[in-house]
Amino acid sequence: MDQIYVIKEVLNFYEGKQGVVVCGWVRTRRDSKGFSFVEINDGSCLKNLQLVIDHGTLPLDEVKRITTGASIRAIGDIVPSPGKKQKWEMHVRKLEILGEADPNKYPLQKKRHSDEFLRKIAHLRVRTNKYGAIYRIRSRAAFLIHRFFQQRHFSYIHTPIITSSDCEGAGDLFQVIKRGEELDSFFKRPAFLTVSGQLTAEALCMGLGKVYTFGPTFRAEDSNTPRHAAEFWMVEPEMAFYDLEQDIDLAEELIKYVVSNVVKENSEDIELFTRFVDKGLLERLNRVIEEPFVRIEYSEAIFILKHADKKENFIFKPEWGEDLQTEHERYLSEKHFNLPVVVYNYPKDIKPFYMRLNDDEKTVAAMDILLPQVGEVVGGSQREERYDVLVRNIEQMGMDIEDYLWYLDLRKYGSVPHSGFGLGFDRLIMFLCSVHNIRDTIPFPRTPGTLNF
RNA sequence: UCCUCGGUAGCUCAAGCGGCAGAGCGGGUGACUGUUAAUCACCAUGUUGGCGGUUCAAGUCCGCCCCGAGGAGCCA
């Protein structure tokens, strides 16, 4: 079998080449007298390869079966194109139609479709320019996350998908049962899908030093918004000996690393979004790469918001001790600073039990990173490493200490200061592609009331 | 879960007060052309989301349901 070249390789040839094999899906065909132009795409890059088919090589009635959406394998010569829109084209010697696509029924047109329509045909939308680009960027970003951590001596760990208790202390969990049996028949206790790998990651960092998990996470919250999915992907690093400031430094560095390298390595795809989806995208990405993130304490944020309330007239009045509302976050990251904003040192009463109590005894060493357009993309904290304080927290929040004995062991034997955060991967993709609905960054999204494909 | 808006041809949308359901794109056929969102001509396309109600008459008004979008809460 001949080697199959991907279109990305072919378009980077520095000289012509004979007898090249390419495969792909037809985007469009234009017939001329005596020959036809066919553009195919194979997903390796945004660009199509133009095939020139002489009707002497393939009779016209055969050529007419090459319709939009059909799949083909072609062998031919790569030669410089006289046309202005492409450097190389293929003069086809032999062409085989692998699978036809009835043009009366194939749902994808050459023209633009709405995101809502494409979501209904999620199994086919990958064949459009926009969704191909989103998934290529998603792939690249995932790889860059691994590269970032691996270069910094982190170990990639696999935390459980099936868990016995939830991490946040509350929240809606999916329960795991053996089909047709009692709730706890299999594990002899209730079992759930993970909402975070943090607690087990903490255990592993107390031995491996620096670790990260990167995997699917599940939340059964009935929240129907463009930013929530029932199944999403989260990056969760956990670092021994890191304090909150080092935690924030790492998160900022990670976001800058992924954004800058996607801009470099997927420049064609980013250009597509900048041209056709959001003119301000590249500029916004560059700002994130070049400018330091704004860092403000929660108390400062409340101060700024209270001041701004006179003009903005927020629906929820900012008040120390209350969580920041969506309108507050948007004001800070989009209007006031127009930059990524890190808010840290939150009141302890609105944060979970494992966050480290600050010396003021009122706040904890927590931090959130807010991105313009997307909102909260990172949530993290320095963890409470003091055994007594942690026990008190668990008791005060009415949780069962029996469930956390192993977690408390980490504070009993060689406890160290440590920190970590969770980064919503799909939300980062939203930011990178200026996609406004998380359902469009996940190939087959799961949301309340929707479980297709 | 709550609030708001929407559902009409394959797609994107139009159809003042209830009165014969339309356009562009896409598709088909033909012409022309190293074309490239090709161009030109002609042709076809409908259970107006579903069920029920009001009416001589419902895409349009009323009720219930389904689906989608935006906003809110919660969060990543």
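Numbered from 1 within each chain, the chains take letters A, B, ... in sequence-line order. Note that the structure is predicted; figures quoted are calculated from it, not measured.
- You'll find that the side chain of A:Arg219 is closest to B:A76, out of B:U1, B:U36, B:A76.
- OP1 or OP2 of B:G73 sits under 4.0 Å from a side-chain N or O of A:Gln325.
- The shortest non-hydrogen separation linking A:Asp247 to A:Gly380 is OD2-C, 4.2 Å.
- When rounded to the nearest whole Å, the span between CG of A:Asp54 and C1' of B:U33 equals 16 Å.
- Of the listed nucleotides (B:G34, B:G68, B:A37), B:G68 has the atom at the smallest distance from the side chain of A:Arg119.
- Comparing the C1' positions of B:U29 and B:C67 gives a spacing of 38 Å, expressed to the nearest Å.
- At the phosphate of B:U12, OP1 or OP2 sits under 4.0 Å from a side-chain N or O atom of A:Ser114.
- What separates CD of A:Glu329 from P of B:C75 is a distance of 10 Å, to the nearest Å.
- Looking at which nucleotide of RNA chain B each of A:Lys33 and A:Arg112 is closest to, the 5′-most match is held by A:Arg112.
- Once the 5.5 Å centre distance and the 30° plane angle are applied, the aromatic ring of A:Phe425 is found not to be stacked with the base of B:A76.
- For the P atom pair drawn from B:C61 and B:G16, the interatomic distance equals 10 Å after rounding to whole Å.
- Closest to the A:Thr28 side chain, of the nucleotides B:A38, B:G34, B:A76, is B:A38.
- Side chain of A:Arg284 to main chain of A:Leu432: no donor-acceptor pair is present (N/O by atom type, distance under 3.5 Å, no hydrogens or angles).
- Sorted by first and then second residue, the salt bridge (Lys or Arg N to Asp or Glu O under 4.0 Å) pairs with a member in residues 19-34 of chain A read A:Arg29-A:Asp31, A:Arg30-A:Glu39; sequence neighbours excluded.
- Residue contacts for A:Lys84: at a heavy-atom cut-off of 4.0 Å it reaches a base atom on one of the strands shown.
- Comparing B:G59 with B:C75, their P atoms are spaced 48 Å from each other, to the whole Å.
- At whole-Å resolution of the value, CD in A:Gln86 and P in B:A38 are 13 Å apart.
- Between A:Arg356 and A:Asp243 there is no salt bridge, since no side-chain nitrogen of the basic residue lies less than 4.0 Å from a carboxylate oxygen of the acidic one.
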Polar atom pairs (N or O), protein with nucleotides 25-28 of chain B, under 3.5 Å:
from  : atom 1 : to       : atom 2 : distance (Å)
B:G26 : O4'    : A:Gln109 : OE1    : 3.3
B:G27 : O2'    : A:Asn104 : OD1    : 2.6

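- The cationic group of A:Arg427 does not satisfy the cation-pi geometry with A:Phe431, failing either the under 6.0 Å distance to the six-membered ring centre or the 45° limit from the ring axis.
- Straight-line distance between the P atoms of B:U4 and B:U55: roughly 29 Å, to the nearest whole Å.
- More than 12 heavy atoms of other residues, nucleotides or ligands shown are found within 6.0 angstrom of CD on A:Gln150.
- Side-chain atoms of A:His113 stay outside donor-acceptor range of the base of B:C11, with no qualifying N/O pair under 3.5 Å.
- Not one side-chain nitrogen or oxygen of A:Thr326 sits closer than 4.0 Å to the OP1 or OP2 atom of B:C75.
- In this structure, the ring of A:Phe192 has its center no less than 6.0 angstrom from the ring center of A:Phe174.
- Ring to ring, A:Tyr156 and A:His146 are close: their centroids are under 6.0 angstrom apart.
- Side-chain proximity of A:Glu221 to B:C74, B:G70, B:U1: nearest is B:C74.
- The nucleotide whose nearest atom lies closest to any side-chain atom of A:Asn437 is, among B:G30, B:G70, B:A76, B:G70.
- Side-chain rings of A:Tyr354 and A:Tyr407 stay apart, their centers remaining 6.0 Å or farther from each other.
- When the nucleotides B:A76, B:C74, B:G68 are ranked by their closest atom to the side chain of A:Arg227, B:C74 comes out on top.
- As judged by a 4.0 angstrom heavy-atom cut-off over every strand, A:His91 is placed among the base-contacting residues.
- At B:A76, none of the side-chain N or O atoms of A:Thr217 fall inside 4.0 Å of OP1 or OP2 (strictly under the cut-off).
- Aromatic rings of A:Phe425 and A:Phe214 (six-membered ring for Trp) have centroids within the 6.0 Å cut-off, being under it.
- A close approach under 4.0 Å does not occur between any side-chain nitrogen or oxygen of A:Lys120 and OP1 or OP2 of B:G68.
- Set against B:A38, B:A72, B:A76, the side chain of A:Phe316 has B:A72 as its closest nucleotide.
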Would A:Phe444 and A:His123 satisfy ring-ring contact (aromatic ring centres under 6.0 Å, His included), going step by step from the backbone distance to the final call?
-> CA-CA 8 Å; A:Phe444 301 101; A:His123 56 303; 7.9 Å; no
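- Both key distances under 3.5 Å define a Watson-Crick or G-U pair, and stretches of 3 or more such consecutive pairs in RNA chain B run B:1-7 with B:66-72, B:10-13 with B:22-25, B:27-31 with B:39-43, B:49-53 with B:61-65.
- Between the P atoms of B:A21 and B:C40, the separation comes to 31 Å (whole Å).
- Here the separation of B:A57 from B:C3, taken at their C1' atoms, is 36 Å to the nearest Å.
- Residue A:Gly449 is the one, among A:Gly449 and A:Trp233, whose nearest nucleotide of RNA chain B lies closer to the 5' end (criterion: closest heavy atom).
- Distance noted for atom C1' between B:C20 and B:A15: 13 Å (whole Å).
- Side-chain nitrogen and oxygen atoms of A:Arg30 include none within less than 4.0 Å of the OP1 or OP2 phosphate oxygen of B:U36.
- Residue-to-nucleotide contacts include no donor-acceptor pair under 3.5 Å from the side chain of A:Glu327 to the base of B:G71.
- Heavy atoms of A:Pro226 sit under 4.0 angstrom from primed sugar atoms or phosphate atoms, though from no base atom.
- Protein atom CG of A:Asp172 is 13 Å distant from nucleotide atom P of B:C74, rounded to whole Å.
- With B:U36, B:C75, B:G73 as the candidates, the nucleotide lying closest to the side chain of A:Thr225 is B:G73.
- Among the nucleotides B:C75, B:U33, B:U35, the one closest to any side-chain atom of A:Arg427 is B:C75.
- Residue-level contact check: A:Glu236 touches neither bases nor backbone, having no heavy atom under 4.0 Å from any strand.
- Defined by atom type and a distance below 3.5 Å, a donor-acceptor pair is present between the side-chain atoms of A:Ser196 and A:Glu236.
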